[in-house]
Enquirer: 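Just dropping this structure here.
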Amino acid sequence: EKGGWSSFMAKEISEEPEAVANTVLGRVDDGQVVLRELADVDDMLKDIDRIVVIGCGTAAYSGMLGKYAIEKWARVPVEVELSHEFRYREPVLNARTLVISISQSGETMDTLMAVKYAIANGARTLSICNTQGATIARESDAVVYTHAGPEVAVASTKAFVAQITALYLFGLHLARVRGTLDPTVAALQLAELQGIPAKIAKVLKNGAEITQLAKWMSDSRAVLFLGRHVGYPVALEGALKLKELAYIHAEGFAAGELKHGPIALIEPGQPVFVVVPSPRDPNSLHAKVVSNIQEIRARGARILAIAEEGDVAVLPFADEVIRIPLAAPLFEPLLTVIPLQLFAMELATAKGLDVDQPRNLAKSVTVE
Ligand code: F6R
């Protein structure tokens, strides 16, 4: 039950710290990630030469984040594809391809059909599911469960952060099995992940300012979301939440793509959420995103920056700054997505909509 919350969605967002913590729980041994459920497939994991991650909607966006972590730590090439696009284009598969399917429900027909296709065509399969014993989990060679607890609201929130957590744990496990990451570095990444629940709790405390933002935007016709590197899937997810819940046209873009087209959309007053990378980012992506902000600001955009505490570079250009605690770059999405989830929920609420049951949508999509 809702336990005092105004909606299941509000309750489930409040449970995000535990969703991450419970997904890590019991999977750490002596400072290293050990996924015991993969013991039978560890030899296969040493042997694969390519990973294809599949999923739909929010699950596909968590998969995009998994790519950044798995490639960085385990040095195996990773592709990410929507299940339904993967299934019908005769993808190249063999026994050295690992297909990782991601599904909260574990029953999504598009993803199930893609898993069955992968098996029939000789690939290895692993699933990341939130529902024990789900069909997709049963079909796969191995399963890593997310422990987000039951997700009732149609829009996925706590399952998303749990999926990212599971993918990162898998990335660290794979790196250990394949010997690609210095154990000291791996231990630092794990410690970073273990520190995330407390940081999410901190982001949740700032919920009130987001409610205010949502109020003034309730008659916006379109909202844009920009992000770069791991901020890009977050931008896509922020836009998806807003479409689903508030029925507002929303679109996420890779910030680097702006000048290749989307900047033409900017007109005075256009609200744009920008997920700003940390100024400590080793690739200096921060400066690039700040310059994107300046470009769209000069064309009249109204900027809502999601930026790290202490990042003062955004202040002269942003209309609103939502602060997130410091985290290592790969882990920032676990924090930056929270204000976007809250924003979509609050905006839908401000419009008088049912946030748990958006129109035309079902929690589990069991038809192709
Ligand atoms: C977004 C949402 C959908 C699901 C998608 C996959 O809020 O709920 O995009 O993420 O339908 O569902 P699962 O993870 O159950 O396969």
Side-chain angles (χ1 to χ4, degrees), residues 7-13 15-16 19 23 53-66 80-87 99-116 118 125-140 143-167 225 233-248 250-252 333 337-338 340-345 347-348 353-368:
S7 62
F8 279 106
M9 186 179 179
K11 173 174 178 276
E12 288 161 10
I13 290 175
E15 290 166 348
E16 288 184 277
T23 299
V53 181
I54 57 170
C56 302
T58 294
Y61 299 147
S62 73
M64 288 173 73
L65 292 166
V80 186
E81 199 165 355
L82 296 167
S83 310
H84 35 89
E85 288 297 319
F86 168 85
R87 166 64 184 85
V99 174
I100 302 183
S101 58
I102 307 178
S103 177
Q104 187 286 128
S105 62
E107 303 296 343
T108 298
M109 190 56 74
D110 289 302
T111 303
L112 176 61
M113 295 307 281
V115 170
K116 287 188 169 167
T125 52
L126 182 151
S127 62
I128 293 183
C129 287
N130 195 47
T131 312
Q132 293 282 328
T135 312
I136 291 171
R138 282 187 277 114
E139 290 284 334
S140 309
V143 48
V144 176
Y145 282 107
T146 47
H147 297 299
E151 194 179 62
V152 177
V154 164
S156 190
T157 54
K158 63 176 181 173
F160 178 66
V161 292
Q163 283 160 354
I164 300 168
T165 304
L167 282 158
F225 294 78
V234 172
L236 296 174
E237 173 63 4
L240 177 60
K241 289 285 99 90
L242 203 56
K243 290 174 217 178
E244 275 183 295
L245 294 161
Y247 317 151
I248 290 180
E251 207 159 337
V337 75
I338 314 283
L340 299 183
Q341 295 170 339
L342 288 170
F343 174 74
M345 180 178 76
L347 206 146
L353 301 171
D354 179 346
V355 295
D356 286 339
Q357 291 286 344
R359 67 184 179 201
N360 310 341
L361 291 169
K363 182 64 184 161
S364 184
V365 185
T366 51
V367 288
E368 266 190 286

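Order of listing sets the numbers, starting from 1, for every ligand and every atom in it.
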Enquirer: Checking side-chain contact (heavy atoms from CB on, under 4.5 Å) against I102, which of L167, T111, I54 comes through?
Expert: L167
Enquirer: Any atoms of ligand 1 less than 4.0 Å from a non-hydrogen atom of S103? List them with their elements.
Expert: 13 (P), 14 (O), 15 (O), 16 (O)
Enquirer: Heavy-atom distance to atom 5 (C) of ligand 1: which of S62, G55, A159, C56 wins?
Expert: C56
Enquirer: Does one side chain, of K241 or T58, offer a donor that lies under 3.5 Å from an acceptor on the other?
Expert: yes
Enquirer: Can you tell which of C129, S83, C56, S127 makes a side-chain contact (heavy atoms from CB on, under 4.5 Å) with S101?
Expert: S127
Enquirer: From the options T108, V154, L240, select the one whose nearest heavy atom is closest to atom 13 (P) of ligand 1.
Expert: T108
Enquirer: Can you tell if the side chain of Y61 reaches within under 4.5 Å of the side chain of L240, non-hydrogen atoms only?
Expert: yes
Enquirer: Note the single closest protein heavy atom to atom 14 (O) of ligand 1, along with its residue, its atom name and the distance in Å.
Expert: Q104 N, 2.6 Å
Enquirer: Among all protein heavy atoms, pick the one closest to atom 11 (O) of ligand 1 and tell me residue, atom and distance.
Expert: V365 CG2, 4.3 Å
Enquirer: Of the listed options (T146, L361, T58), which comes nearest to atom 1 (C) of ligand 1 when hydrogens are ignored and any heavy atom counts?
Expert: T58
Enquirer: Tell me, do D354 and Q357 make a side-chain contact under 4.5 Å, heavy atoms counted?
Expert: yes
Enquirer: In this structure, which one of E16, E15, E12, Q341 forms a side-chain hydrogen bond (donor to acceptor under 3.5 Å, both in side chains) with K158?
Expert: E15
Enquirer: Mark up the atoms of ligand 1 that fall under 4.0 Å of a heavy atom belonging to E244, in ascending order.
Expert: 1 (C), 2 (C), 7 (O), 8 (O)
Enquirer: Please could you name the atoms of ligand 1 that S105 approaches to less than 4.0 Å, counting only its heavy atoms?
Expert: 13 (P), 15 (O), 16 (O)
Enquirer: Heavy-atom distances under 4.0 Å decide this one: backbone, side chain, both or neither, for E107 against ligand 1?
Expert: neither
Enquirer: Before accepting this row, confirm whether a basic side-chain N of the pair E368/R87 lies closer than 4.0 Å to the acidic partner's carboxylate O.
Expert: no
Enquirer: Which of the numbered atoms in ligand 1 are below 4.0 angstrom from a heavy atom of K241?
Expert: 1 (C), 7 (O)
Enquirer: Is the closest side-chain donor-acceptor distance between T125 and E139 under 3.5 Å?
Expert: no
Enquirer: Which of the numbered atoms in ligand 1 are under 4.0 angstrom from any heavy atom belonging to G57?
Expert: 9 (O)
